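This one's a predicted model, so the numbers in the text were calculated from it and none came from an experiment.
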Amino acid sequence: MTLIIRQMQVDDIIFVQEVAKSSWHDTYEGIIPKEIQDRFLQVAYSEETLIKRLHKSPFLVAELEGSLVGFANFSTINDGQAELYAIYLSPNLQHKGIGTALLEKGIQALEGATNLTVCVEKDNTIGRHFYQAKGFQLVEEFDDLFDGHVLKTVRMELSLTK
């Protein structure tokens, strides 16, 4: 199994859109109404938005045996703080170490960061368990208004200092 983690290229946008859509529908079914998911995906994963994100922050893709199967997008570093905006895999490829590889490579790209935070929908148990297993600690829970839908959200934090 040959896994390559690399910086996203403009040619990868269609793939990123496909993975975002399939993983969002799989992850948030029964948590976020589908029409709200679709509206969010249309805006957050439009070609224009992805090009902006690609140029201003670390945006990695995972390539397995020549096929793109996942991605992770991180913020830039501000006073040692960085945020993981998104990490998504094709739903059939979870639990194979790909998410871990994306997270580790992203942390390496965040040279100088002392902390990494991520916000996760509270009912996204797969995501929460993944972050807990990687050493993230629960920092706070809050309600997030998401396109008129209230989400129970948890903020988790990972110290990057040894």
Side-chain angles (χ1 to χ4, degrees), residues 1-9 12 15-32 37 40-41 44-45 49-50 53-144 146 151-162:
M1 176 171 104
T2 305
L3 178 66
I4 297 168
I5 307 294
R6 61 173 173 78
Q7 181 63 28
M8 182 179 108
Q9 307 297 316
D12 298 326
F15 142 78
V16 168
Q17 292 169 328
E18 288 171 7
V19 169
K21 184 176 181 179
S22 66
S23 60
W24 261 72
H25 290 326
D26 185 65
T27 301
Y28 298 111
E29 183 178 348
I31 298 172
I32 302 172
Q37 290 183 46
F40 171 80
L41 289 165
Y45 290 92
T49 301
L50 287 173
R53 287 164 67 184
L54 162 67
H55 291 298
K56 74 176 206 185
S57 63
F59 202 125
L60 305 174
V61 293
E63 196 176 302
L64 182 65
E65 304 297 334
S67 295
L68 296 173
V69 296
F71 65 88
N73 184 204
F74 297 82
S75 71
T76 54
I77 302 164
N78 185 6
D79 288 333
Q81 304 290 316
E83 186 170 353
L84 173 56
Y85 292 140
I87 186 167
Y88 289 106
L89 305 176
S90 297
N92 59 330
L93 290 171
Q94 292 177 349
H95 309 292
K96 299 190 183 317
I98 299 167
T100 300
L102 279 164
L103 179 63
E104 289 172 354
K105 190 77 166 197
I107 289 170
Q108 289 171 12
L110 296 169
E111 258 184 75
T114 55
N115 246 10
L116 181 62
T117 61
V118 64
C119 289
V120 186
E121 213 294 321
K122 188 174 181 178
D123 291 333
N124 177 357
T125 52
I126 291 171
R128 286 188 38 224
H129 290 154
F130 171 79
Y131 296 119
Q132 286 169 339
K134 302 306 169 213
F136 282 79
Q137 303 292 316
L138 178 68
V139 177
E140 68 172 325
E141 291 187 27
F142 58 95
D143 287 348
D144 196 9
F146 186 77
L151 291 180
K152 300 289 184 191
T153 304
V154 296
R155 182 182 322 279
M156 302 177 81
E157 199 169 81
L158 177 67
S159 172
L160 301 178
T161 54
K162 300 283 185 251

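- Contact annotation: the side chain of Leu158 approaches that of Ile107 to within less than 4.5 Å [non-hydrogen atoms, C-beta and beyond].
- For the pair Phe130 and Leu103, the minimum side-chain heavy-atom distance is below 4.5 Å.
- Note: Ile5 CD1 to Leu64 CG = 9.0 Å, rounded to the nearest 0.5 Å.
- Aromatic ring orientation, Tyr88 versus Tyr28: perpendicular (interplanar angle above 60°, classes split at 30° and 60°).
- Counting only residues at least two apart or on different chains, no salt bridge (charged side-chain N to carboxylate O under 4.0 Å, His left out) pair has a member in residues 98-114.
- Under a 3.5 Å cut-off, the side chain of Glu65 and the backbone N or O of Thr2 do form a donor-acceptor pair.
- For the pair Tyr131 and Ile87, the minimum side-chain heavy-atom distance is below 4.5 Å.
- The CD1 atom of Ile32 lies 5.5 Å from the CD atom of Gln37; values are rounded to the nearest 0.5 Å.
- The heavy-atom pair separating Gln17 from Leu50 by the smallest distance is CG-CD1, 3.8 Å.
- Two residues are said to be in side-chain contact when any heavy atoms from C-beta on lie closer than 4.5 Å; Arg6 and Leu68 meet this criterion.
- In this structure, OG1 on Thr114 lies 9.0 Å from CG on Asp79, to the nearest 0.5 angstrom.
- Taking the six-membered ring where the residue is Trp, Tyr45 and Phe40 present perpendicular rings, their angle passing 60° and hence far from 30°.
- Other residues, nucleotides and ligands contribute more than 12 heavy atoms inside 6.0 Å of the CG atom of Asp143.
- Within a 6.0 Å radius of CD in Gln7, more than 12 heavy atoms belonging to other residues, nucleotides or ligands are found.
- Using a 4.5 Å cut-off on side-chain heavy atoms (C-beta onward), Lys152 and Glu121 make contact.
- Within the 4.5 Å cutoff, the side chain of Ile98 has heavy atoms near those of the Val69 side chain.
- When all heavy atoms are compared, the tightest approach of Leu110 to Ser75 is CD2-O, 3.4 Å.
- Asn73 and Ser57 get closest at one heavy-atom pair: ND2-OG, 3.0 Å.
- Between Thr76 and Lys56, the side chains place no donor N or O within less than 3.5 Å of an acceptor N or O (distance only, hydrogens not considered).
- Residues Leu89 and Leu102 share a closest heavy-atom pair of CD2-CD1, 3.8 Å.
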